[in-house]
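To keep things clear, I will list the structure first and then write my remarks on it.
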Amino acid sequence: MGIIQALKDDELQNSYVYRRDFSETLSPIDKAFSFDRFEGALSNKNINLKAMLVGKEAVVVGLGNSSFQDIIFRAGIHPKRRASDLTGDERYALYNSIKQLIADRIRLGGKDQFIDFYGKWGSYKPSMGPNMKGKNCVACGGAVEHVSIGGGQVFYCPNCQH
Ligand SMILES: [Zn+2]
């Protein structure tokens with residue numbers, strides 16, 4: 001993923017992308033993104049799950065609110081969980097979900113709401129997220145719900161995510 005942003009000088013400090021150094025942060029598309037390294041980055045974080053995966057505190061780069069919802073749905077983890085409370089199995093499920101989501105998105109040319117650099121629409125349709133508002137879970141058929149976390153709505157399935 002890349003971004004180009006035009007800003008006035010006095011807007012720079014408030015920019016999400018300005019002066020962020022990701023060179024020491026794990027990238028899920030990097031070969032070095034192993035479970036050991038992911039778990040090592042998690043082990044001392046007593047923050048909520050979303051902050052762990054999205055934004056300035058995140059242990060990995062490149063995940064947004066949309067991927068977060070899809071990832072924790074695939075991993076069967078409730079959005080309000082804290083990073084430090086995850087079991088070993090849940091950490092492994094989270095790691096696998098991140099890898100699978102990234103692989104699926106790349107294979108399908110990105111999300112179905114965006115066009116690529118050449119004007120071609122992506123065909124990745126999230127299993128969980130705002131597109132599921134008022135719909136039923138694709139896995140169990142139960143009603144999808146949402147909560148507000150970290151300044152955004154997070155959609156989830158109360159049956160599948162604990
Ligand atoms: Zn479900």
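All ligand and atom numbering here is 1-based and tracks the order in the structure.
- Closest approach of N159 to G142, counting heavy atoms only: ND2-CA, 3.8 Å.
- In summary, the aromatic rings of Y92 and F35 are positioned with their centroids under 6.0 Å apart.
- A side-chain N or O of D70 and one of Y124 form a donor-acceptor pair less than 3.5 Å apart.
- Note on residues 110-138: no pairs pass salt bridge (Lys or Arg N to Asp or Glu O under 4.0 Å), not counting sequence neighbours.
- Distance check, rounded to the nearest 0.5 Å: NZ of K99 to CD1 of I29 gives 11.5 Å.
- Shown are the protein N/O/S atoms under 2.8 Å from the Zn ion (ligand 1), given by residue and atom: C137 SG, C140 SG, C157 SG, C160 SG.
- With no hydrogens or angles considered, a side-chain donor-acceptor pair links R105 and S66 at under 3.5 Å.
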